[in-house]
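Note sheet for the following structure.
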2 protein chains.
Amino acid sequence: MSVTNAPSPWRLRAEERLTDAGYRRGGARTALLDLLAAQGCARTALEMEDELRAQQRPVGRASIYRVLDELEQLRLVQRIEVGQGIARYERLAPDHHHHHLACAECGELVPFTDDALEQAIARLSAKAGFEVTGHDVVLHGRCPACARR
Amino acid sequence: MSVTNAPSPWRLRAEERLTDAGYRRGGARTALLDLLAAQGCARTALEMEDELRAQQRPVGRASIYRVLDELEQLRLVQRIEVGQGIARYERLAPDHHHHHLACAECGELVPFTDDALEQAIARLSAKAGFEVTGHDVVLHGRCPACARR
DNA sequence: TTTTCTGCAAACTGTTTGCAAAGGC
DNA sequence: GCCTTTGCAAACAGTTTGCAGAAAA
């Protein structure tokens, strides 16, 4: 049985952009692209290392950081920080844009989207003196499970 | 000559809340409160250490982290992360609420406020399943100086 | 005089870097 | 065959922790 689904638009774009930028194909990079394409919400580099090892596709830690860094430069992934000083990464795609609710107690991360928010940010980005290339919003609080305790 | 201005409302509230929580007064805590009360925008713990040393009021690094942590618990300071994996802290007060534009190249941090943004977030916070206690927004990009290069 | 606060140094943890071997083109 | 990519181990940087002495109440 095959575990490979048809490559997602993000996955295809990633492959293309990497080639255009002069990168070669490598095992570590491919494994990470597969993981990122399938993953639902932002993960840490160390979580990815564990997942890849669990999938019998172990990738060196340094390679994970290096590849994530390249992908960030090429705007294929977004790096976010939700408060514990640990970087998290998720793919950057028009159909995947969202923000996060972060539980301060258990660390749970819940994605959400909101048009009014995006509009406010778009307006702001246009009038800011900066050349704005991205943004992120984090709502901090307690998830229902932790609030009940 | 005295360098001490009249204590700000934030400073007074901090003092009161610390006492209520059962904390004693100590040199390190006082020095940090003075610094935070005077500081314009979010700083890192290490920057604060340097500034305190420059002011001839050196404070141990561990104490800086410990005090900042207490102040965060008491909601007297807000901890933010703008992308380099380093925590920054600034006082939390109604008249000091703002968000940040962060330059990816030089690291410059520029504060801004926006009503439409706050309204969108307020609406979101109310309808989110979470008990939302705070939020932060970071616009990433390049500052005018770096964009010119 | 009791308890908290502080500073120092060591430990930790996530991230980065140097280098030699493996792998793509 | 040349040059990139990879993994390993060591180095790093920010943060946390243990502990003994100083300071507050």
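It should be emphasised that the depicted structure is a prediction, and the values quoted were computed from it without experimental measurement. Just so we're on the same page: letters track the sequence lines, and every chain starts at 1.
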Report yes if a donor N or O on one partner sits less than 3.5 Å from an acceptor N or O on the other, where the partners are the side chain of B/Arg66 and the base of D/dT16; otherwise report no. no
Which part of the nucleic acid, if any, lies within contact of B/Ala28, taking any heavy atom under 4.0 Å across all strands shown: a base, the sugar-phosphate backbone alone, or nothing? sugar-phosphate
Under 4.0 angstrom, heavy atoms only, what part of the nucleic acid is B/Arg25 near: base, sugar-phosphate, or nothing? sugar-phosphate
Counting the atoms with a prime plus P, OP1 and OP2 as sugar-phosphate, which does B/Gly85 contact under 4.0 Å by heavy atoms, base, sugar-phosphate, or nothing? nothing
Rounded to whole Å, how long is the line connecting atom CZ of B/Arg57 with atom C1' of C/dT6? 14 Å
Counting just side-chain N and O atoms, does A/Tyr65 come under 4.0 Å of either OP1 or OP2 of C/dT15? yes
Closest nucleotide among C/dT16, C/dT6, D/dC3 to the B/Arg29 side chain: C/dT6
Could you check which of C/dG23, C/dT3, D/dG14 has an atom nearest any side-chain atom of B/Leu46? D/dG14
Can you figure out which of D/dG7, C/dG14, D/dT5 approaches the side chain of A/Tyr23 most closely? D/dT5
Are B/Ile121 and A/Val138 linked, directly or through other ILVMFWY residues, by side chains that come within less than 4.5 angstrom of each other? no
Rounded to the Å, how far apart are A/Ile86 CD1 and D/dG14 P? 17 Å
Could you tell me whether B/Gly22 contacts a base, only the sugar-phosphate backbone, or nothing, with contacts defined as non-hydrogen atoms closer than 4.0 Å? nothing
Rounded to whole angstroms, how far apart are CD on A/Gln84 and C1' on D/dT15? 14 Å
Can a donor-acceptor pair be found, under 3.5 Å and without considering hydrogens, that links the side chain of A/Arg88 to the backbone of A/Glu81? no
To the nearest angstrom, the CD-C1' distance between B/Glu49 and C/dA9 comes to 14 Å
Atom-to-atom span, CZ of B/Arg61 to C1' of C/dT6 - whole angstrom: 15 Å
Tell me: CD of B/Glu70 to P of D/dT16, nearest whole Å? 13 Å
Is any NZ, NE, NH1 or NH2 atom of the basic residue among B/Asp114 and A/Lys127 found under 4.0 Å from an Asp or Glu carboxylate oxygen of the other? yes
Closest-nucleotide ordering on DNA chain D, the 5'-leading residue of B/Ala45 and B/Gly27: B/Ala45
In whole angstroms, the gap separating C1' of C/dG7 from CZ of B/Arg53 amounts to 13 Å
Out of D/dT5, C/dG14, C/dG7, which has the shortest distance to the side chain of B/Ala62? C/dG7
Working for side chain to side chain contact (heavy atoms under 4.5 Å, CB included), residues A/Ile64 and A/Leu46: CA-CA 9 Å; A/Ile64 294 181; A/Leu46 268 14; over 6 Å; no
Distance check needed: D/dG14 P versus B/Arg43 CZ, whole Å only. 16 Å
Strictly by modelled atom types, are B/His97 and B/Glu118 linked by a side-chain donor-acceptor pair under 3.5 Å? yes
